[in-house]
Amino acid sequence: MATTPFDLTGRTALVTGANTGIGQGIAIALAQAGADIAAVGRSPADGTAEQVRALGRRCELVSADLSSIEPVTEVVDTVVGKLGRLDILVNNAGIIRREDALDFSEEDWDAVMDTNLKTLFFLCQAAARHMTGWASQGGERGKIVNIASMLTFQGGIRVPSYTASKSGVGGLTKLMANEWAPRGINVNAIAPGYIATNNTAALQADETRNRQILERIPEQRWGDPADIGGASVFLASRAADYVQGHILAVDGGWLAR
Ligand code: NAP
């Protein structure tokens with residue numbers, strides 16, 4: 001039985017892209033708060049599973065390529081089958097492609113939009129269909145947390161499909177909150193700032209860009225996946241029952257500048 005509003009004991013969470021980076025940080029944080037985890041992705045998440053199980057929580061691994069919506073229904077059914085229920089969905093898996101807008105290809109447009117936006121929406125839909133049934137039977141509220149970006153608020157440069165996809169994540173998060181709040185589901189997003197992961201390895205390695213980035217961050221450091229983990233525990237918990245359609249920037253103050 002949950003003891004504090006942040007306690008996730010007895011809850012189950014599906015986290016996409018949990019083998020590394022932010023997704024791994026989120027899976028571990030949710031497990032620390034008491035949740036059992038289903039790690040869904042295309043690369044083996046054994047390292048994450050080991051850390052989650054060391055916390056005494058279950059971790060089920062579900063293999064799926066989320067570049068199309070083809071596996072979506074089966075993924076949610078599999079997770080519900082393995083863990084018995086689905087309370088929390090974290091849509092974290094995402095990709096980025098960089099090229100001048102003048103030269104940007106249709107392939108780079110479609111790849112990013114499909115993974116970051118289309119699959120995210122249909123995973124939300126499949127999870128919500130399950131969660132609304134659960135809530136109507138007197139279960140706890142379902143929680144959906146989408147991973148957005150600074151480019152949900154800003155334009156960026158040389159990343160047109162990424163900006164479009166993450167701006168879309170912000171809009172869809174609000175739409176789904178509007179439709180599903182009355183049906184017992186909270187839909188919110190986290191907009192990470194600059195977090196040290198594979199995704200940003202090139203930026204960290206570029207001395208000039210690294211310095212420019214750090215100069216603008218009031219916290220004067222790159223974010224850690226655990227920083228996003230803390231925010232995800234909040235949004236996945238009863239403490240956030242009255243938070244809807246919000247995009248929570250976890251950026252060391254980047255947007256405040
Ligand atoms: P990352 O280390 O590159 O991790 C991305 C995750 O998404 C990996 O687990 C990756 O799996 C998974 N993924 C990508 N395409 C997939 C597919 N087709 N099917 C299944 N899984 C797929 O990057 P990250 O920084 O942790 O990014 C996680 C999320 O945070 C993304 O949505 C990203 O846009 C967002 N974000 C990151 C930052 C940052 O500063 N790092 C800032 C803002 C937003 P593989 O390991 O198999 O590739």
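Atoms within each ligand, like the ligands themselves, are counted from 1 in listed order. What's counted below: heavy atoms across the whole structure, side chains too, no hydrogens, waters or symmetry copies.
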Asker: Give the residue and atom name of whichever protein heavy atom lies nearest to atom 23 (O) of ligand 1, and the separation in Å to one decimal.
Answerer: N199 CB, 3.2 Å
Asker: Compute the shortest N/O to N/O distance between L66 and ligand 1 and return yes if it is under 3.5 Å, no if not.
Answerer: yes
Asker: How close does the nearest protein non-hydrogen atom get to atom 13 (N) of ligand 1, and which residue and atom is it?
Answerer: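 Sorting protein heavy atoms by distance from atom 13 (N) of ligand 1 puts A93 CB, 3.8 Å first.
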Asker: Return yes or no for this condition: an N or O of T115 is under 3.5 Å from an N or O of ligand 1.
Answerer: no
Asker: Is there a side-chain contact between I88 and L8 in this structure, where contact means two heavy atoms from C-beta onward sitting under 4.5 Å apart?
Answerer: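 Of all side-chain heavy-atom pairs linking L8 with I88, at least one is under 4.5 Å.
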Asker: Grab the two heavy atoms, one from F234 and one from A239, that are nearest each other, plus how far apart they are.
Answerer: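 Between these two residues, the closest heavy atoms are CE1-O, 3.7 Å.
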Asker: In the protein, what heavy atom is nearest to atom 24 (P) of ligand 1, and what distance, to one decimal place, separates them?
Answerer: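 Here the closest protein heavy atom is T197 OG1, 3.5 Å.
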Asker: For P192, take its heavy atoms, then give the atoms of ligand 1 lying under 4.0 Å from any of them.
Answerer: 42 (C), 43 (C), 44 (C)
Asker: For I147, counting its heavy atoms only, list the atoms of ligand 1 lying under 4.0 Å from any of them.
Answerer: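 Every atom of ligand 1 under 4.0 Å from some heavy atom of I147: 29 (C), 30 (O), 35 (C).
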Asker: Out of R57, R85, R53, which one pairs with D36 under the salt bridge (charged side-chain N to carboxylate O under 4.0 Å, His left out) rule?
Answerer: R57
Asker: For I22, is at least one N or O under 3.5 Å away from an N or O on ligand 1?
Answerer: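 Yes, I22 has an N/O under 3.5 Å of an N/O on ligand 1.
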Asker: Are R211 and E215 close enough for a salt bridge, meaning some N to O gap below 4.0 Å?
Answerer: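 Salt bridge present between R211 and E215.
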Asker: Under 4.0 Å from ligand 1, counting heavy atoms only, is it the side chain of D65, its backbone, both or neither?
Answerer: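 Under 4.0 Å from ligand 1, D65 contributes backbone and side-chain atoms.
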Asker: Relative to atom 44 (C) of ligand 1, which among S43, G94, A148 owns the nearest non-hydrogen atom?
Answerer: A148
Asker: Would you call V169 and N116 a side-chain contact if the rule is heavy atoms closer than 4.5 Å?
Answerer: no
Asker: Atom 42 (C) of ligand 1: which protein heavy atom is closest, and how many Å away?
Answerer: G193 O, 3.2 Å
Asker: State the atoms of ligand 1, each with its element, that fall below the 4.0 Å cut-off from a heavy-atom position in Y162.
Answerer: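 Within the 4.0 Å cut-off of Y162, ligand 1 contributes 33 (C), 34 (O), 35 (C), 36 (N), 43 (C), 44 (C).
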Asker: Enumerate the atoms of ligand 1 whose separation from the nearest heavy atom of Y194 is less than 4.0 angstrom.
Answerer: 40 (O)
Asker: Using a plain distance cutoff, I'd like to know if S149 has any nitrogen or oxygen under 3.5 Å from a nitrogen or oxygen of ligand 1.
Answerer: no
Asker: Look at the side chain of N188 and the backbone N and O of V243, then say whether any donor-acceptor pair between them is shorter than 3.5 Å.
Answerer: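 Indeed, once roles are kept as given, a pair shorter than 3.5 Å links the two residues.
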Asker: Which of the atoms of ligand 1 are close to T200, meaning less than 4.0 Å from one of its heavy atoms?
Answerer: 39 (C), 40 (O), 41 (N)
Asker: Can you tell which of I96, N92, T16, V90 gets a heavy atom nearest to atom 31 (C) of ligand 1?
Answerer: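 Considering heavy atoms of I96, N92, T16, V90, the nearest to atom 31 (C) of ligand 1 sits in N92.
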Asker: Within a strict 4.5 Å, meaning less than it, do heavy atoms of the I195 and P225 side chains meet?
Answerer: yes
Asker: Donor-acceptor pair, distance only, cut-off 3.5 Å: does the side chain of E60 make one with the backbone of I37?
Answerer: no
Asker: Report yes or no: does P225 have a heavy atom closer than 4.0 Å to ligand 1?
Answerer: no
Asker: Within a distance under 4.0 Å of any heavy atom of I95, pick out the atoms of ligand 1 and give their elements.
Answerer: 14 (C), 15 (N)
Asker: When only distance counts, is I195 in polar contact with ligand 1, meaning an N/O pair under 3.5 Å?
Answerer: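 Checking ligand 1 against I195, an N or O pair does fall under 3.5 Å apart.
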Asker: Which residue holds the protein heavy atom closest to atom 10 (C) of ligand 1, what is that atom called, and what is the gap in Å?
Answerer: N19 OD1, 4.3 Å
Asker: Going by distance alone, is a donor N or O of one side chain under 3.5 Å from an acceptor N or O of the other, for T197 and N199?
Answerer: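 Result is no, nothing qualifies.
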Asker: Quick check on contacts: which atoms of ligand 1 are under 4.0 angstrom from a heavy atom of N198?
Answerer: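 Result: 2 (O).
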Asker: Does any N or O in the side chain of S165 come within less than 3.5 Å of the main-chain N or O of L117, such that one atom is a donor and the other an acceptor?
Answerer: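 Side chain of S165 to backbone of L117, a donor-acceptor pair under 3.5 Å: no, none is there.
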Asker: Applying a strict 4.0 Å limit to heavy atoms, is A196 in contact with ligand 1?
Answerer: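 No, that is not the case, since the closest heavy atom of the residue is not under 4.0 Å from the ligand.
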Asker: Quick check: do Q212 and T208 have side-chain heavy atoms less than 4.5 Å from each other?
Answerer: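 Sidechains of T208 and Q212: in contact.
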Asker: Here's a test for you: under side-chain contact (heavy atoms from CB on, under 4.5 Å), which of I228, V145, L30 qualifies with V233?
Answerer: L30
Asker: So which heavy atom in the protein is nearest atom 4 (O) of ligand 1, and how far is it from that ligand atom?
Answerer: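 Protein heavy atom at minimum distance: T20 CG2, 3.8 Å.
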Asker: What's the shortest distance from atom 48 (O) of ligand 1 to any protein heavy atom, and which residue and atom give it?
Answerer: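 For atom 48 (O) of ligand 1, the nearest protein heavy atom comes out as R42 NH2, 2.8 Å.
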Asker: Can you name the one residue among R98, R158, R97 that meets salt bridge (charged side-chain N to carboxylate O under 4.0 Å, His left out) with D108?
Answerer: R97
Asker: Would you call the rings of W254 and Y194 parallel, tilted or perpendicular, taking 30° and 60° as the class edges?
Answerer: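 Rings of W254 and Y194: tilted, 30 to 60°.
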Asker: Kindly give the heavy-atom pair with the smallest separation between R42 and I95, and that separation in Å.
Answerer: NH2-CG2, 4.5 Å
Asker: Measure the distances from the heavy atoms of W222 to every atom of ligand 1 and state whether one is below 4.0 angstrom.
Answerer: no
Asker: Run the contact test for Q24 against ligand 1 with a 4.0 Å cut-off on heavy atoms, strictly below, and give the result.
Answerer: no
Asker: Should G17 be counted as touching ligand 1, given the test is an N or O pair under 3.5 Å?
Answerer: yes
Asker: Do ligand 1 and K166 have nitrogen or oxygen atoms that lie under 3.5 Å from each other?
Answerer: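 Yes, there is a polar N/O contact under 3.5 Å.
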Asker: Short list, please: which atoms of ligand 1 are under 4.0 Å from a heavy atom of S67?
Answerer: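 Listed by number with element, the hits are 18 (N).
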Asker: Check whether the side chains of T200 and Q204 place a donor and an acceptor atom closer than 3.5 Å, and report yes or no.
Answerer: yes
Asker: Is there a side-chain contact between D251 and M150 in this structure, where contact means two heavy atoms from C-beta onward sitting under 4.5 Å apart?
Answerer: yes
Asker: Quick one: does ligand 1 sit under 4.0 Å from the side chain of A64, the backbone, both or neither, non-hydrogen atoms only?
Answerer: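 Backbone only; the side chain of A64 stays clear of ligand 1.
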